[in-house]
Structures are given as C-alpha cells and as structure tokens.
Q: 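I have a structure I would like to understand better, so I am pasting it below and will then ask my questions one at a time.
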There are 2 protein chains.
Amino acid sequence: MQISPSLEDYLEAVLETADEDGARTTDVAEKLGVSKASVNQAMGVLADHGLIEREKYGPVFLTENGMALAQAVYKRHQTIKAFLVSILGVDEKVAEEDACQIEHVVSKDTMHRIIEFMERRKDE
Amino acid sequence: MQISPSLEDYLEAVLETADEDGARTTDVAEKLGVSKASVNQAMGVLADHGLIEREKYGPVFLTENGMALAQAVYKRHQTIKAFLVSILGVDEKVAEEDACQIEHVVSKDTMHRIIEFMERRKDE
DNA sequence: AGAATAAGTTAGGCGGGCCTTACTTCGCCC
DNA sequence: GGGCGAAGTAAGGCCCGCCTAACTTATTCT
C-alpha cells in the first residue's frame, strides 16, 4: 500500500476526528487547514485505495486496511512527538507540527532507533 | 529570502559540487539524481533570486547571498546527520538520506534543541 | 411545509517540480 | 577548418496538491 504523505495526513485526520458515526469532511478540513473540496478529493482517492468507505453526502468510515494504516501513521506521529518533547525538550505545540512533517520522511531504520533510544531512556 | 525545499537542495548541491570554476549543470544533476533540464530550470529561478550567477552555457557561481544560504542549509544538514549517527546510531548512509529530508521540515526551535543536546553530550 | 443554513460535491484552474525530446553551443581532434 | 560528442538550454507535457466558485443535498427552525 503506497500512498503519498499528504494522503497519510488525511487518513490520520479521519482517524482522529471520527466518532461512532464516522468522520466528517468539514472536521477533517478544519483539522488539516485545507478546504472541504480538497478533503473531498482526497477522500475519493482513499476510497479508490479501499482505505475508507463513504456514502454520498454522508460521513466516511475507515475500512480494516484503512484503520490499520491510519493507526500506524498515528503511532509514528506520536512516537516522534514524544521523542521531541521528552528527549529534546521541544515545546509541545512545536513538536506537534514538526512530528507531522518528520513522520513522512523518516526511514524505518531511524524510526526504530528512535524507539530504541526512548526504551533505553525509560529504564534509567 | 524564501525558497522551496527543492531549491534549497539545488543550492546545496551547487555548493558541494563547485570548485574554483563554479559548478556544472551535469554534476548537480548527477548529485541530485534529476535531469539536466530540471537543474537548468532551477538555476534560472535561483538566478532570479540573486543566489547564483551564470553565463550562458557556462558554469554557475554562488553570489554572496547564495553562499550564505547554501552554507546555512549545508550546516543544518550536517548537524542533523551527525545527530542521527552519533546519538541514535543510525547508519551513515541512511542518516545521509534522512537528514536530506528532515532538514527541510524541521523548525528552528527543534534545530536549536538538537544542537544543544549534542553540545551537552560532548561535555560528558 | 418552506426558507435559511450547513454540509458535501463538482468543475476548473494554478503553481511546483519533475520529465522527455529536440535544439544550440562548446571543446576537442583529425 | 569540419565533424563529433558532451554540455547546456528551450519547449511542452504530466502529476500532485491545493484553491475558488458554483452547485446539490441535508438539516434545522419557525
């Protein structure tokens, strides 16, 4: 499953804004700071990839695949953010923004090292 | 001075491939893994921004502004790479690639924290 | 129910960044 | 000096990601 960084952001936002009734275009747009039209377009692509399902003029829902991917992205995000805050002492808000960017460009290898580093820190 | 990440990469590559006779389109293209046409186009934009100078069919040279910016970018790059390698233990080659991406998305604040962290490490 | 408002959708457009193809200029060598 | 290959340039095209404007559907309120 290969989607662009930007689509990963949309997927993550769907996860974060969803409740039992799914996620709304407006909320996702708000969260990402883009227009509803852009969200709608992105949802089309995510649906094509089988990552979400939606009925016309209704909310969207993550499929199983979509949920798995969204959670993976979310976890990466949280891990990087935690690293920035707890290890480097970066401000919470800044860390949030930086994590959002870094999560898309960091290699699996470096990601592992970050996790390891934090594990080690925890034990001390 | 506001240029895109991609243009920063071109500028950095000019710095890295240049000798006394300036930098060549071909070398920059090779270094970045893009076509000569793309390099040429980017050089046009950098020239418009007064960051490089060039004569037709000749090599390009960094202006003072261009040199300053290129060095700033280069330093960021090296710092991030050093952090990945020496603190996280990331493989040299992987760190190089990751640094190349991260350098464009990291905030000034986080950048400072990284430097501080490494300074502290050095003292111990 | 009917109007006003909110949510979602569609169409069309724009800039960034890359490409290929074809052309021009340069430098070298017989 | 003519020819050739390499370097540089120009033109045109493609995809991505975003936008605005205009439209359709849903909802809410009196």
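Just so we're on the same page: letters track the sequence lines, and every chain starts at 1.
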Q: With salt bridge (Lys or Arg N to Asp or Glu O under 4.0 Å) as the rule and sequence neighbours excluded, what pairs involving residues 2-15 of chain A come up?
A: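 Passing the test, one end in residues 2-15 of chain A: A:Glu8-A:Arg76.
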Q: Just wondering, more than 12 heavy atoms not from A:Gln101 lying within 6.0 Å of its CD?
A: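 Counting neighbours around CD of A:Gln101, more than 12 heavy atoms of other residues, nucleotides or ligands fall under 6.0 Å, so yes.
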Q: At a heavy-atom distance below 4.0 Å, what parts of residues 2-28 of chain B sit against DNA chain D?
A: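 Of all residues in residues 2-28 of chain B, the ones placing a heavy atom under 4.0 Å from DNA chain D are B:Arg24, B:Thr25, B:Thr26.
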Q: List for me each residue that meets side chain to side chain donor-acceptor pair (under 3.5 Å) alongside B:Ser6, sequence neighbours excluded, and say none if there are none.
A: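 For B:Ser6 there are no side chain to side chain donor-acceptor pair (under 3.5 Å) partners, ignoring immediate neighbours.
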Q: Counting only non-hydrogen atoms, which of residues 30-52 of chain A are less than 4.0 Å from DNA chain D?
A: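 Those residues are A:Gly33, A:Val34, A:Ser35, A:Ala37, A:Ser38, A:Gln41.
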Q: Taking side chain to side chain donor-acceptor pair (under 3.5 Å) as the test, write out the residues that go with B:Thr79, two or more places apart.
A: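 Per chain and number, B:Thr79 pairs via side chain to side chain donor-acceptor pair (under 3.5 Å) with no residue.
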Q: Would you give me the side-chain donor-acceptor pairs under 3.5 Å for residues 55-74 of chain B, sequence neighbours excluded?
A:
from    : atom 1 : to      : atom 2 : distance (Å)
B:Thr63 : OG1    : B:Gly50 : O      : 2.8
B:Thr63 : OG1    : B:Leu51 : O      : 3.1
B:Thr63 : OG1    : B:Gly66 : N      : 3.0

Q: Name all residues meeting the side chain to side chain donor-acceptor pair (under 3.5 Å) criterion together with A:Thr110; count only those two or more places apart in sequence or in a different chain, and write none if there are none.
A: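 In terms of side chain to side chain donor-acceptor pair (under 3.5 Å), with neighbours along the sequence ignored, A:Thr110 is linked to A:Ser107, B:Asp98.
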Q: Per the side chain to side chain donor-acceptor pair (under 3.5 Å) rule, what does the pair list look like for residues 85-96 of chain B, sequence neighbours excluded?
A: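 Sorted result for residues 85-96 of chain B: B:His77-B:Glu96, B:Lys81-B:Glu92, B:Lys81-B:Glu96.
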Q: Going 5' to 3' along DNA chain D, between which two nucleotides do contacts with chain B fall, using a heavy-atom cut-off of 4.0 Å?
A: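 Range of nucleotides touched by chain B: D:dA7 to D:dA10.
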Q: Of B:Arg54 and A:Tyr57, whose closest DNA chain D nucleotide lies nearer the 5' terminus?
A: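 The residue mapped nearer the 5' terminus is B:Arg54.
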Q: Using the side-chain contact (heavy atoms from CB on, under 4.5 Å) criterion, which residues pair with A:Asn40? Sequence neighbours excluded.
A: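 Checked A:Asn40 against side-chain contact (heavy atoms from CB on, under 4.5 Å); matches are A:Arg54.
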Q: Listing request: all salt bridge (Lys or Arg N to Asp or Glu O under 4.0 Å) pairs with a residue in residues 25-36 of chain A, at least two apart in sequence or in separate chains.
A: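 Matches after skipping sequence neighbours: A:Glu16-A:Lys31, A:Arg24-A:Asp27.
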Q: Hey, what do you get for CD1 (B:Ile114) to CZ (B:Phe117), rounding to the nearest 0.5 Å?
A: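 Going from CD1 on B:Ile114 over to CZ on B:Phe117, the span is 10.0 Å.
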